[in-house]
Novice: 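First the structure, then my questions, so here it is.
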Amino acid sequence: MINEDRLWNRLLELGNIGKQPSGGITRLSFTKEERAAKEKVASYMKEAGLAVYEDAVGNLIGRKEGKEKDAPVVLVGSHIDSVYNGGMFDGPLGVLAAVEVLQTMNELGVETTHPIEVVAFTDEEGARFSYGMLGSRGMAGTLSEEELVHQDKHGVSIADAMKEAGLNPSEIAKAARRKGSVKAYVELHIEQGRVLEEANLPVGIVTGIAGLVWAKFTIEGKAEHAGATPMPIRRDPLVAAAQIIQVIEQEAKKTGTTVGTVGQMQVFPGGINVIPERVEFSLDLRDLDAAVRDNVLQSIIERAQQIGNERNVKVTVELLQEMPPVLCSELVQNAAKEACQKLGFDVFTLPSGASHDGVQLAGLCPIGMIFVRSKDGVSHSPEEWSSKEDCAAGANVLYHTVLCLATKE
């Protein structure tokens, strides 16, 4: 249905913007690389016959009118910013596949009841300012001027970067869509995991986006000489931390759905011949069910305190951030299932462990996602890869999903 070669060639072409010597891609928000990427995508949108504009937070939008111009719009898209040294598929596949869907519709003379808009959201990744999803927050009406104070490593705030890009931070409220103006949001995205690959399937339908909790564990003991302190009398916070990290794995495994990750650790003072005085480590805990996730967290904290008491070290847990899980709507899931059946693909469902712009839009409209198989589950890396055939398969499922949403009441 869609033009497989055109989609693939655009992915490769866009992938040259912000390419690093390593082969990875760095396109941070409000930079010259992002501007070049926007201009390239805007040219594709115009080739597709879309009306192109940017909103008050810099979201790039291409619109195809429907037979009923005032009918709620069907939104479809993703993002084109990247992490540092990222891959060429995370985000761009969703935007370029959406453009391809609408270009194919226009070439075939397909008219829909509802207007359809492709959106390339501003700064989904949050790599530059450590505060992401600016575009989807803006569209949802949940981004405030106070949040624009976050700074990059050079001390440039979001507000300042917006001004440099020709945007007015005081007008971000103009990007907000009113309730009822959007029928649904659907996004095609690489899976970023190995579930589809293990199932030997090119495409899957997302049931929901897992909610996360980030926490910081601090374990305080006593720094002493590594050679002069007998093992039975040590107050070693690193050994306690090792036990707690094992507990994290054990408790997460029990549910069959929870995932827990320790991605950061610091040991103080850090001498090779010194028993540590303090250890700090992070916890990233996710599940599609908030109650299950929270129960796991509570079990981890209780067991951590118990380990601290047993080893005579102090355990402190600080909650850093919490995001609720978001379920994908039956409306979008059913449209995607119909699309898979029409194209002869297995109807396979799976959750998203990674977060996406749809989380921010869930209060505005029904949301849903379609996943494409990722080679070896690698993402946020130059090694990120999805085959030309799988990208086309996902784009074809997206075509029929969007067509269904834009024509059915």
Novice: Would you say the side chains of S144 and E147 form a donor-acceptor pair under 3.5 Å?
Specialist: yes
Novice: So how far is it from M45 CE to L102 CG, rounded to the nearest 0.5 Å?
Specialist: 9.0 Å
Novice: Are the side chain of D123 and the backbone N or O of G132 linked by a donor-acceptor pair below 3.5 Å?
Specialist: no
Novice: Can a donor-acceptor pair be found, under 3.5 Å and without considering hydrogens, that links the side chain of Y84 to the backbone of R128?
Specialist: no
Novice: Using a 3.5 Å distance criterion without hydrogens, assess whether the side chain of K38 forms a donor-acceptor pair with backbone atoms of G58.
Specialist: yes
Novice: Exactly one of H225, R235, E224 should register a side chain to side chain contact (heavy atoms under 4.5 Å, CB included) with I275. Which one does?
Specialist: E224
Novice: Can you give me the closest heavy-atom contact between V397 and A336, atom names plus distance?
Specialist: CG1-O, 4.2 Å
Novice: Distance-only, no hydrogens or angles: does the D160 side chain make a donor-acceptor pair with backbone N or O of V156 under 3.5 Å?
Specialist: no
Novice: Can I get a per-line list of side-chain donor-acceptor pairs under 3.5 Å for residues 195-205, giving both atom names and the distance, sequence neighbours left out?
Specialist:
residue: E197; atom: OE1; partner: D376; partner atom: N; Å: 3.1
residue: E197; atom: OE2; partner: D376; partner atom: N; Å: 2.9
residue: N200; atom: OD1; partner: R373; partner atom: NH1; Å: 3.3

Novice: If we count only N and O atoms by modelled type, under 3.5 Å, do the side chains of E34 and S29 hold a donor and an acceptor together?
Specialist: no
Novice: Is R177 salt-bridged to E117, going by a charged N under 4.0 Å from an acidic O?
Specialist: yes
Novice: Could you check whether any side-chain N or O of S379 sits under 3.5 Å from a backbone N or O of E384, counting only pairs where one atom can act as donor and the other as acceptor?
Specialist: no
Novice: Drop me the distance from L238's CG to I245's CD1, to the nearest 0.5 angstrom.
Specialist: 8.0 Å
Novice: If you round to the nearest 0.5 Å, how far is CD of Q151 from OG of S130?
Specialist: 11.0 Å
Novice: Under 6.0 Å from the CD atom of Q306, do we count more than 12 heavy atoms belonging to anything else shown?
Specialist: yes
Novice: Does L148 reach the side chain of L143, with side-chain heavy atoms less than 4.5 Å apart?
Specialist: yes
Novice: Evaluate whether atom CH2 of W8 has more than 12 neighbouring non-hydrogen atoms of other residues, nucleotides or ligands under 6.0 angstrom away.
Specialist: yes
Novice: Flag the pair R303 / Q250 as yes when at least one side-chain heavy-atom distance between them is below 4.5 Å, and no otherwise.
Specialist: no
Novice: When H114 is tested against each of V73, V182, V74, D70 for side chain to side chain contact (heavy atoms under 4.5 Å, CB included), which residue passes?
Specialist: V74
Novice: Are any non-hydrogen side-chain atoms of T257 and L288 less than 4.5 angstrom apart?
Specialist: no
Novice: Would you call K375 and S387 a side-chain contact if the rule is heavy atoms closer than 4.5 Å?
Specialist: no
Novice: Assess whether a salt bridge exists between E125 and R27, defined as any Lys/Arg side-chain N lying under 4.0 Å from an Asp/Glu carboxylate O.
Specialist: no
Novice: Taking C-beta and beyond as the side chain, do R10 and V99 meet within less than 4.5 Å on heavy atoms?
Specialist: yes
Novice: From D357 CG over to E124 CD, what is the distance, rounded to the nearest 0.5 angstrom?
Specialist: 4.5 Å
Novice: Do the side chain of R63 and the main chain of P115 share a donor and acceptor less than 3.5 angstrom apart?
Specialist: no
Novice: Between atom CD of E33 and atom CG of D81, what is the distance when rounded to the nearest 0.5 Å?
Specialist: 12.0 Å
Novice: Between side-chain atoms of residues 311-318 and protein atoms elsewhere (two or more places apart, or another chain), which donor-acceptor pairs fall under 3.5 Å?
Specialist:
residue: R311; atom: NE; partner: Q243; partner atom: OE1; Å: 2.4
residue: R311; atom: NH2; partner: Q243; partner atom: OE1; Å: 3.4

Novice: Determine whether a donor-acceptor pair (N or O, by modelled atom type, separation under 3.5 Å) exists between the side chain of D90 and the backbone of H380.
Specialist: no
Novice: Are there more than 12 heavy atoms of other residues, nucleotides or ligands under 6.0 Å from atom CG of N273?
Specialist: yes
Novice: Minimum heavy-atom separation for V274 to A226, with atom names?
Specialist: N-CB, 4.0 Å
Novice: Mark yes or no for whether T407, through its side chain, and T113, through its backbone, hold a donor-acceptor pair below 3.5 Å.
Specialist: no
Novice: Counting only heavy atoms not in K32 (residues, nucleotides, ligands), do more than 12 fall under 6.0 Å from its NZ?
Specialist: no
Novice: For E100 and T104, test the side chains for any donor-to-acceptor distance below 3.5 angstrom and give the result as yes or no.
Specialist: yes
Novice: Is the ring pair Y131/H150 parallel, tilted or perpendicular, if the boundaries are 30 and 60 degrees?
Specialist: parallel
Novice: Should D287 and T258 be marked as a side chain to side chain donor-acceptor pair (under 3.5 Å) after you check the CA-CA gap, both sets of side-chain angles, and the distance that decides it?
Specialist: CA-CA 5 Å; D287 199 288; T258 309; 2.7 Å; yes
Novice: Any non-hydrogen side-chain atom of K174 less than 4.5 Å from a side-chain atom of D55?
Specialist: no
Novice: How close do A56 and M162 get, heavy atom to heavy atom, and via which atoms?
Specialist: O-CE, 3.8 Å
Novice: Rounded to the nearest 0.5 Å, how far does CD1 of I244 lie from CD of E251?
Specialist: 12.5 Å
